[in-house]
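Comments concern the structure below.
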Amino acid sequence: MNQPILSVKDLTYVYMKSTPLEHQALLGVNMEITEGEIVAIIGHTGCGKSTLIQHFNGIHFPQTGHVMINGMDLTKPKLDVKSLRRQVGLVFQNPEDQLFEKLVGDDIAYGPFKMKLPLEEVRERVKWAMEMVGLPFDEMKDRATFALSGGQKRKVALAGVLALRPKILVLDEPTAGLDPKSRRELLEKIKKLNQEEGITVIFVSHNMEEVAYLADRIYVMAGGKEVCHGTPEEIFTNPEIILQHRIGTPETVRTLHRLHEEGYAVNTGRFRVEDASTEIRKLLPE
Amino acid sequence: MANEPLLQVEDVSYSYKINSKETLQVLTDVSFSVQKGEYVAIIGHNGSGKSTLSKLLNGILVPEKGQVRVKNLLTSDRTQIKEIRRTVGMVFQHPDNQIVATIVEDDIAFGLENIGVPHDEMDARITGALEAVGMSEYRYRPPHHLSGGQKQRVAIAGILAMQPECLVLDEATSMLDSYGRDDVLAIMRKLHENGMTIITVTHHMNEVIEADRVIVIAEGKIAMVGSPREIFMRQQELESLHLDVPDCSRIAKVLHQEVSSFNATAMNPEEIVSEVKRLTHVNQEESKS
Amino acid sequence: MVERGLTVRKIVIAGVLGAIAILLGVTRIGYIPVPTPAGNATIMHIPVIIGAIMEGWGVGMIIGLIFGVSSFLNATVVLFKDPLVAILPRLLIGVFAYITYVGLKNFNQYVAIGMAGFVGSLSNTILVMTMAVVQNYLVPGAAIAVVLTQGIPEAIVSVIVTLAVVTTWKKLGPSGKQKSKIS
Amino acid sequence: MSSPFELTRNITIGQYLVRNSIIHKLDPRFKLASFAILLVGIAICDSYIGNLIGLFLSIYLFHLASIPVSYGVSGLKPAIPFMIIIGLMQLFLYKEMSPDNVIYWQLGFLEVSSASIKIVIISVLRFMQIIFLSSILTLSTSTTEITRGLERLLSPLQKVKFPVHAFSLIITIAIRFVPTFAMEMEKMMKAQASRGAEFGTGAWWQIIKRTTEMFPLIIPLFNVALARGEDLILAMEARCYTPGSSRTVYTQYKANGNDYVALLVSVGIVFVLVFIPYPW
């Protein structure tokens, strides 16, 4: 069972092909993601990461190269886009903007209703999705969407995608603009979805604390290509990659790198506060 | 001439009307003052009232009870509002929603035109403001081609050109990616070094490290005031207010518990490193002797 | 709170709704595929109606002007390459919508908003067709046919959209104890 | 395969082409005024020769502006089917009661006369001139310049309390936000599509269903726009904007010889088009 659930091979993409505004967004990306993983994609604005993830649920189609998702070949002309979109849930940046129904329950039920599921099943899915993101079903389903706080709206939007029951969840900057409390809650929910429901998670982020907290593996992208990948520990211990691609590092890693530069023998990949503390503790006298 | 504060907030309360009957109290009896040249951070989680507070500082909102003075002008005095707003400039959260014009230089000119700066003076002011934020080469560009961080820098330039004495940043970094945020924070640092009074409103703790003073707002009241170092020491209280402590402060705390001579108030990588150096150095000295 | 003349709010609301009017005109989103002689119903005039309901006839008139000029500049049909047809009638959409709204709002908000959507939209069709006849592009019979077959569906679409947008924004929202479909 | 979501590609507002021509360098106030004068001339002129001269001159303007005529022609293309329909209607339905109108053909209420033929040909010529002229104006002038020019031209109206600056500010804001909203819309279309949105699925007569199907796009578009508006209001107030109060002006235009020449030439052309009694 080592077949990857998602694989990308030599993928290229050009925006506004054959117009003066032509812009090459992807220049041969390769990527393999195994079922049940949490993978972070990081890189500078304009490195192509948004274009890449929009390939994952049929917003863009490969111009050259291949994308295989759960056995579906996205280059096939007779691709069933609907079924692809049910397997891959895509949550865009600031997804709260897309809420349009007046009531929370209705907005989350939009996708399932579009799938022509029976009412009973729709309700079940909405209930499950709401509980997964931490919105109590009975209390919240008849609330007005516009009266919610920013963090709650984002949870509703996430639930709206989860109600499609995707196998793979793709998130673009899931916590951008949230306050620390909502941020932490949301990250916990994503982790829970992965651990308890086995959903494969792929997310784009600029926040390295968040990447360190969630990701099993990191892909670093630059200039329309993936330049390297590895576990957070592997990436964060590599000062060349960090410098060359201007990857911000968690404060813990920055501290360890500083110590390393000063000639102390520390493992620079220990990004959790407890691990970093232990690492530094070793340097100190008893 | 006594040292008159630039900004005085005195017993301010404020509430919003939810509908004809109910109101929501967002601020209760808040008082503080800001001296010229100070760097003050106001921090609190969403709904704590910090954004309302920032909007009271330049008279966008007027206190229900109490008063706000800018250089001794009352913000409730609508005849002085222009003077107050040219003294206290304000940058908002969403970079896209504060740019008015279709060309960067026109947008910076917008504020200057409003306060009646003579035409001959404008050019120099625009050049200066763009230089201060490092956006000179974008002067003739349309704003929608800029990144979020660049737009925010243009917004700051638009305020700087008006030559305010105090700059209020209302969650100005929260929509930016990490590079954009670093750029904006660097600009704030530079402005402060050049004597600008800065008030930053944020929910990110690692943005307040450089402030002279931190004011923590919770449920419409001032919960804590102090230097960043003092505030970070009160980790548990902060956590109960849903606020994070920078990772380095947490590391320092852990280390202090195990090695009591480790300074628990270290709050950034440099300070941790120098503490490690100090202690290992002492240790080497000891082992030598 | 009665403020005279153009407030900052009026200026900004007119600006952003004007932007939507332009955007709807230059992309396909402005057309709803329902059966009319043109093959779809346009919603490009709806920002005008919404502006008039929210901020008064003056704002409605300015958005109408932006809508008119944009449809004049983007026109691919000869009819709208004539400013008297493309621009002039559009100035009045907001006025009619506003009068309808104000006249009915003390009776019932929802009815007032819906009717403003209806009247505003229909006045668009009727005025454009009137000008088309005046300017000799169409004969009266054809114009009346257009009003009936294009104007009525467009007015219905306008009622639905105007109601949805304005009630959401004014937070009139679910009246009382509305339940979601899944309850 | 191109993506169905590339909205920004279709937005042609401000088709400004950067060139260094005489036309590009004209003071926008004078350019707009000349444009308006020429439009009036074209609208009034109803002789064959006058319109042919006008057409020739408007094509010549492309040359002056260093813009290929194909840009103007491409503006004509989409209009051709409608022009044919309108042309046919005018041809058969237009009636004129004048002694020298010759009727060539008649069937019931349909008739073809010398007057109806003339009106069809003149309309086509007029239409081409208008398209060409407005193409030149928008291709050689940025939207910012058009707005500024308009503001200055209208500024005498300030005397009668017409809020000229506020008015041009509204237009500036509108133009400023079109690309922003377009990007927003593009994101919205993608996001709703990933939730399974489909548009235009109901039976053709289900107006309400087909309209509400667009809600996932329309409602957020208005909400986002109005929310941005709320922010912008605060930002403008914070930058001391007060409608109606006196302000200074950053961009100032100074007309030079070319500008006056352009204006005079336009007046001259109108004279040639309108006041010379051509035989046809």
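Below, chain A is the first sequence line, B the second, and so on; all start at residue 1.
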Tell me, for [X] versus chain D, whether the close heavy atoms (under 4.5 Å) come from the side chain, the backbone, both or neither.
{"X": "B/I99", "answer": "both"}
{"X": "B/D107", "answer": "both"}
{"X": "B/P142", "answer": "neither"}
{"X": "B/I108", "answer": "backbone"}
{"X": "B/I60", "answer": "side chain"}

Could you verify whether a donor N or O on one side chain and an acceptor N or O on the other, from [X] and [Y], lie under 3.5 Å apart?
{"X": "B/E207", "Y": "B/T173", "result": "yes"}
{"X": "D/Q192", "Y": "D/R195", "result": "yes"}
{"X": "B/Q98", "Y": "B/Q152", "result": "yes"}
{"X": "B/R139", "Y": "B/T127", "result": "yes"}
{"X": "B/Q67", "Y": "B/S76", "result": "no"}

> Highest number of heavy-atom pairs under 4.5 Å with chain B: which of D/C240, D/G229, D/A227, D/S142?
Replying inline: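 Heavy-atom pair counts peak at D/C240.
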
> Which one, D/M236, D/R228, D/E237, leads in non-hydrogen pairs under 4.5 Å with chain B?
Replying inline: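 If we count pairs closer than 4.5 Å to chain B, D/R228 comes out on top.
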
>> Which one wins on heavy-atom pair count under 4.5 Å against chain D: B/M122, B/M90, B/H94, B/H119?
In response: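 Counting heavy-atom pairs under 4.5 Å, the top option is B/H119.
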
> Which one, B/V91, B/V100, B/I115, B/N58, leads in non-hydrogen pairs under 4.5 Å with chain D?
Replying inline: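 When all of B/V91, B/V100, B/I115, B/N58 are compared, B/V100 has the most.
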
>> The criterion is side-chain hydrogen bond (donor to acceptor under 3.5 Å, both in side chains); which residues satisfy it with B/N114, sequence neighbours excluded?
In response: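 So B/N114 forms a side-chain hydrogen bond (donor to acceptor under 3.5 Å, both in side chains) with D/R247.
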
>> With a 4.5 angstrom heavy-atom cut-off, is it the side chain or the backbone of D/L169 that approaches chain B, or both, or neither?
In response: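 It is the side chain, since no backbone atom gets that close.
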
> In terms of heavy-atom proximity below 4.5 Å to chain B, should D/T147 be classed as side chain, backbone, both, or neither?
Replying inline: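 For D/T147, there is no contact with chain B at all, as no heavy atom is under 4.5 Å.
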
> Are the side chain of D/R19 and the backbone N or O of D/S66 linked by a donor-acceptor pair below 3.5 Å?
Replying inline: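 Here the side-chain-to-backbone pair exists.
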
> Closest heavy-atom contact between B/L61 and B/Y14?
Replying inline: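 In terms of heavy atoms, the two residues are closest at CD2-OH, 3.5 Å.
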
